[in-house]
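This is the structure I want to talk about, given as structure tokens.
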2 protein chains.
Amino acid sequence: MTHEQFAKYSFLLDRTARKVKQYAQQQFKSGDFDVTVDQWLVLKNLSENHLLSQTQLAQLVFKDHPTLTRIIDLLCKKGYMERIPNPNDRRSFQLHLTTSGEEKVRALRPQILEIREKAWENLSETDFEEFKRILNTIYMNLGGQEIEEE
Amino acid sequence: MTHEQFAKYSFLLDRTARKVKQYAQQQFKSGDFDVTVDQWLVLKNLSENHLLSQTQLAQLVFKDHPTLTRIIDLLCKKGYMERIPNPNDRRSFQLHLTTSGEEKVRALRPQILEIREKAWENLSETDFEEFKRILNTIYMNLGGQEIEEE
DNA sequence: TACAAATAATTAGTGTGACAAATATATGAA
DNA sequence: TTCATATATTTGTCACACTAATTATTTGTA
């Protein structure tokens, strides 16, 4: 195995990650989902974790604070979530979905699971486990923190 | 395997791809490479393929035309490459590295190979092959074209 | 030849990603 | 209590991604 061969994984990784996002976004668009792929990730995590602060949410979705601030701005503007002042700490907010946001998550979840499954055609459950293991190893090699398990 | 489990690969894939890019960009920065990770991808491909058009280059690096136009603008401004009018087709350019660009590629290539290798600690050559196979399968499942072989 | 359709590249607009700096508030030690 | 330090969030800037629309040129066909 030459060095040149090793260097290719980064290109393939980036290309595939962008293809996956691109494919999902196109499906989102043709289905009139009214949210982007990244906005969905935020909504989904909020539906599973109540009253998070932005810092907590940022760690969950692996986005930096400025990026998350802007995504939240957009989702608030669309009426899917709200920032509630934290009574115990005036620096921070408690994030929560509005009724409209809860409905959106309920409506989209099954459709999105179906979209996500498309990538996995022609692959096995063993592949899935291997893939996760390798991705997480790379993530840790480069300084990533704690892999969430479930 | 539940649907919910399957949907997680997209998050891990995106997270790892961004970590890899982020790590490389930090190393590029601390080494004063004077190019971004994506700009390097363009320089490297130009050094291996002469007189490409922007459309040809876009396919090689899997970037869309607007993005590539801007990356090329930046690289021309830095003096690493030039657009030469194509004598056979006045709509298009023939791209080529300047002497300064050739030198940049020669100087950076070994350092970048070393940076890229870091991600691969604790993984085997078999893992590498499996990883490439799975990435390419996903890419093809979502409509990706022809996997380049070498 | 003439003209519609295709192609190469650019521009514009919005969203996301990374990093630095700024603002507001909280906390801990003197 | 007071002040330095830490934390939560926002703002600013640049780069990249995707879409749609635009400009210039070429090609295919009548």
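Every chain is numbered from 1, with letters handed out A, B, ... down the list of sequences.
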* **Atom pair distance, as rounded to whole Å: CZ in B/Phe62 and P in D/dC16** => 16 Å

* To the nearest Å, give me how far apart CG (A/Asp64) and P (D/dT7) are. =>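 So the two atoms are 18 Å apart, to the nearest Å.
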
* To do: For B/Thr36, answer base if it contacts any base atom (sugar-phosphate contacts may also be present), sugar-phosphate if it contacts only those atoms, and nothing otherwise; contact means non-hydrogen atoms under 4.0 Å.
  => sugar-phosphate

* Could you check whether A/Gln25 gets within reach of a base, just the sugar-phosphate, or nothing at all, counting any heavy atom under 4.0 Å? => nothing

* Asked: Start at the 5' end of DNA chain C and walk down; is the nucleotide closest to A/Lys63 or to A/Asn88 reached first?
  ->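 Looking at DNA chain C, the more 5' nearest nucleotide goes with A/Lys63.
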
* Structure fact -> From CG of B/Leu68 across to P of D/dA17 the rounded distance in Å is 10 Å

* Structure fact -> Here the distance between atom C1' of D/dA24 and atom CZ of B/Phe93, to the nearest Å, is 11 Å

* Asked: Which part of the nucleic acid, if any, lies within reach of B/Asp89 when heavy atoms closer than 4.0 Å are counted: base, sugar-phosphate only, or nothing?
  ->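 Touches sugar-phosphate only.
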
* Asked: Closer than 4.0 Å, any side-chain N/O of B/Gln56 to the OP1 or OP2 of C/dA8?
  ->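 The answer is no; no side-chain N or O of B/Gln56 sits under 4.0 Å from OP1 or OP2.
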
* Find the distance A/Arg70:CZ to D/dT9:C1' and express it as a whole number of Å. => 11 Å

* Can you name the one residue among A/Lys44, A/Arg70, A/Lys21 that meets salt bridge (Lys or Arg N to Asp or Glu O under 4.0 Å) with A/Asp38? -> A/Lys21

* Structure fact -> When every non-hydrogen atom of B/Gln39 is compared with those of B/Leu74, the smallest separation belongs to NE2-CD1, 3.5 Å

* Asked: Between D/dA8 and A/Arg90, is there an OP1 or OP2 to side-chain N/O distance shorter than 4.0 Å?
  -> no

* Give B/Arg18 one of three labels, base, sugar-phosphate or nothing, depending on what nucleic acid heavy atoms sit under 4.0 Å from its own. =>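 Since only primed, P, OP1 and OP2 atoms lie under 4.0 Å of B/Arg18, the category is sugar-phosphate.
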
* Cation-pi, B/Phe62 ring and A/Arg18 (6.0 angstrom, 45 degrees) ->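 Here A/Arg18 fails the 6.0 Å and 45° test against B/Phe62.
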
* With sugar-phosphate meaning primed atoms plus P, OP1 and OP2, does A/Thr69 contact a base, only sugar-phosphate, or nothing at under 4.0 Å between heavy atoms? -> base

* Structure fact -> Contacts of A/Lys21 and B/Pro87 projected onto DNA chain D by closest heavy atom; the upstream (5') one is A/Lys21

* Asked: To the nearest Å, how far apart are A/Leu75 CG and C/dG15 C1'?
  ->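 Taking CG of A/Leu75 and C1' of C/dG15, I get 12 Å after rounding.
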
* **Rounded interatomic separation in angstrom, taking CG from B/Asp38 and P from D/dC14** => 18 Å

* To do: Assign B/Thr67 to base, sugar-phosphate, or nothing according to its heavy-atom contacts below 4.0 angstrom with the strands shown.
  => base

* To do: Name the closest nucleotide to the B/Thr55 side chain, picking from C/dA9, D/dT19, C/dG17.
  => C/dA9

* Would you please indicate yes or no on a ring centroid separation below 6.0 angstrom for B/Trp40 and B/Tyr80? =>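 Here the rings of B/Trp40 and B/Tyr80 have centres that are no less than 6.0 Å from each other.
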
* 5' precedence on DNA chain D between A/Asp73 and A/Arg91 (nearest-nucleotide basis) ->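 Between the two, 5'-proximity favours A/Arg91.
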
* May I ask you to establish whether A/Arg116 and B/Phe6 are in a cation-pi arrangement, using a distance under 6.0 Å from NZ or CZ to the six-membered ring centre and at most 45° from the ring axis? => no

* To do: State whether A/Arg109 and A/Glu48 are salt-bridged, where the test is any N-O pair (Lys NZ or Arg NE/NH1/NH2 against Asp/Glu carboxylate O) under 4.0 Å.
  => yes

* Taking NZ from B/Lys29 and P from D/dC14, how many angstroms apart are they, rounded to a whole number? ->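 Computing the B/Lys29:NZ to D/dC14:P distance gives 13 Å.
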
* **Side-chain N or O of B/Gln54 closer than 4.0 Å to phosphate OP1/OP2 of C/dA9** =>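 It does not, given that no N or O in the side chain of B/Gln54 lies less than 4.0 Å from OP1 or OP2 of C/dA9.
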
